[in-house]
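Report on the structure given below.
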Amino acid sequence: MARRNGPSVLAIVLAGGEGKRLMPLTADRAKPAVPFGGIYRLIDFALSNIANSGYLKMVVLTQYKSHSLDRHITKTWRMSTLLGNYVAPVPAQQRVGKQWFAGSADAIYQSLNLIHDEKPDIVVVAGADHVYRMDFAQMVDQHIESGARASVAAIRQPIELADQFGVIELADGAGQKISAFREKPSDPVGLADSPGEVLASMGNYVFDTDALVEAVVADAEDDDSKHDMGGNIIPAFVERGEAHAYDFRDNVIPGATERDFGYWRDVGTIDSFYDSHMDLVSIHPIFNLYNYAWPIRTSDAGLPPAKFVHGASDRSGMATGSMISPGCIVSGALIGNSVLSPNVRTHSFAQVDDSILMDNVDVGRYCRIRRAIIDKDVRVPEGASIGLNADDDRARGFTVTDSGITVVGKGAVITA
Ligand code: ADQ
C-alpha cells in the first residue's frame, strides 16, 4: 500500500486527550488507550489508517495517564514487523519545569525537534480517539493540488452536536476554501443545503511542513493563545486564506460497502462509546471490522479461541448477535447483543444482554447484566445484577447515564 514517488510525510498522532466525558473508563488511562470493539484500543484506528495510507513514519504524542497507552504502542506497533520501529511514543517531558503540554499545539511545538530531524515535505496531524477508516494519502493529494498550506478533514454532523466540534464555513463560490472556523460554537449556523447539519472538523489535518512550524512557533509566543490546534492554529491559517476543507465523502476505501462508507464516530461520551459498539454487533454492521482490504491492526495476544461449554447447565453456553474475543469461555451462560473482550468468563445460568465486557471480567452464576459497560478485571459475584435498576446501580457507586447505560469502573468491588 505504500505509495512511491509521493511527498515525504511525517504523521503526528495527538494522543494526550484526557477524555473526561468517558469517565470512569478514563480514570486511569488516556482516552486513546480505552479498549474498543473487544480487542482494539481507540488509537489503533488512527494508527491503522495512517499505516494503510502508506505512511510508516509516525510519532505519537502522549501525556495524560499514558502508561497503558505506551505499553500498548510498544507491544502492538513498535514491535510489529509491519512497522519496524518507527512508531514512537513521545511523552510530554521535553520542556524543563513543565510537566504537561499546555494544549495540542504546544504538544507539537515541544516536539519540533522530531520534524527538524525528519525534514518531511508534509506533516499529517491526526487525533487518536475516533473510530473510522480513512486514506490519508487521498487527503494529502488534494492538499497538494489545492495549493492550501493547511487542510482540514471535514464531515457533516447534526447541528445539535456543533458545540463538540470545530465548525467549518466555506466561502460561496470558492470551492473548498475555508472562510471561517469556529471551535465548538454555541450559536452554529446550519448548512445552506441542509440547515440541520454543520460541516465539522474531524480533527485530522495536513500541513506544508514549513507552514506548520511557523504557525506553532508564532502560537507559542502568543500569551493569549490556548495553544490548541482547533482553537488557535487552524483559525490562524483561515484568517490568512490558506486553509482548505477536505470532504470526507471523497475518501474511497477499498472494500468499503455502501453501509459503512463514510463511517466516523467521535466516541467522546459513554453514550456514543456504547452506541458505536452496538453498531458493530448490528446484523448488518455499519462499521465492518471484517474488511481486510483496509485492516484495523492491534496486538496479537496469542490467545486460544473462544469456547462455549455446558458448565453446570444442561444447555451449552451460547452467544447470539455478539462479538466474542479469543480466550473467552462462555460456560452455560447466555450472551446476547454484546461485545466481550479477551479472557472474559461467564458462568452457568448467567445472562448478559446489550453489554460490553472488557478483558478478564468474570461473571458469576445466575448473574443478570443488561445495558452495561464493565471495565477490565471486574468480578461480578454469583447472583448479582447490573443494569436492571438505575437507582440500585447508583447506590453501589456505578455511573449511570441519562439514557440508562451503567458503567462499572476498573477494580470495582461488587456485592450481589
Ligand atoms: P477535541 O477532541 O475536543 O476537538 P482536543 O481535546 O484538543 O480537542 O483533542 C484533540 C486530539 O488531541 C485528541 O486526539 C486528543 O487525544 C489530543 N490531545 C489533546 N490535548 C493534547 C495534548 N496536550 N497533547 C497531546 N495530545 C493532545 C478536536 C478539534 C475539533 C474537532 C474535534 C473532532 O479541536 O476542532 O472538531 O477534535 O473530534
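In each ligand, atom 1 is the first atom listed, and ligand 1 is the first ligand listed. Along the sequence shown, residues carry numbers from 1.
- Using a cut-off of 4.0 Å between Lys/Arg side-chain N and Asp/Glu carboxylate O, R156 and D193 are scored as salt-bridged.
- Of the candidates S201, G16, A107, the one placing a heavy atom closest to atom 32 (C) of ligand 1 is S201.
- Within the 4.0 Å heavy-atom criterion, neither part of A200 lies near ligand 1.
- Here's the thing with P32: none of its N/O atoms is less than 3.5 angstrom from an N/O atom of ligand 1.
- Taking every heavy atom of G166 and a limit of under 4.0 angstrom, the matching atoms of ligand 1 come to 30 (C), 31 (C), 35 (O), 36 (O).
- Each of the atoms 23 (N) of ligand 1 lies under 4.0 Å from some heavy atom of G103.
- Considering backbone and side-chain N/O atoms, G203 never comes within less than 3.5 Å of an N/O atom of ligand 1.
- A cation-pi arrangement is absent between R394 and F398, since the terminal nitrogen or guanidinium carbon is not both under 6.0 Å from the aromatic centre and inside a 45° cone about the axis.
- Proximity of a side-chain donor or acceptor of S355 to a complementary backbone N or O of S338 within less than 3.5 Å is not detected.
- Under 4.0 Å is where a charged nitrogen must lie from a carboxylate oxygen, and between D279 and R265 at least one such pair does.
- Atoms of ligand 1 lying under 4.0 Å from any heavy atom of G127, numbered from 1 in the order shown and given with element: 14 (O).
- If you look at W264 and F165, their ring centroids are closer than 6.0 Å.
- A donor-acceptor pair is defined here as one N or O able to donate and one able to accept, closer than 3.5 Å; such a pair exists between the side chain of R182 and the backbone of D187.
- Looking only at distances, a side-chain donor or acceptor of N52 sits under 3.5 Å from a matching main-chain atom of P295.
- Under 4.0 angstrom from ligand 1, the non-hydrogen atoms of H130 all belong to its side chain.
- With a 4.0 Å cut-off on non-hydrogen atoms, I234 does not touch ligand 1 at all.
- D129 places no side-chain N or O within donor-acceptor distance of the main-chain N or O of G268, the cut-off being under 3.5 Å.
- Close contacts of ligand 1 with M202, meaning ligand atoms under 4.0 Å from a residue heavy atom, involve 33 (C).
- Nearest residue to atom 30 (C) of ligand 1 from K31, E183, R182, K226 is E183 (criterion: closest heavy atom).
- Close approach of ligand 1 to G230 is summarised as follows: ligand atoms under 4.0 Å from at least one heavy atom of the residue are 34 (O).
- Applying the side chain to side chain contact (heavy atoms under 4.5 Å, CB included) test between F308 and each of I329, I335, I324 identifies I324 as the sole match.
- For ligand 1, the atoms sitting less than 4.0 Å from at least one non-hydrogen atom of D228 are 7 (O), numbered in the order shown with element in parentheses.
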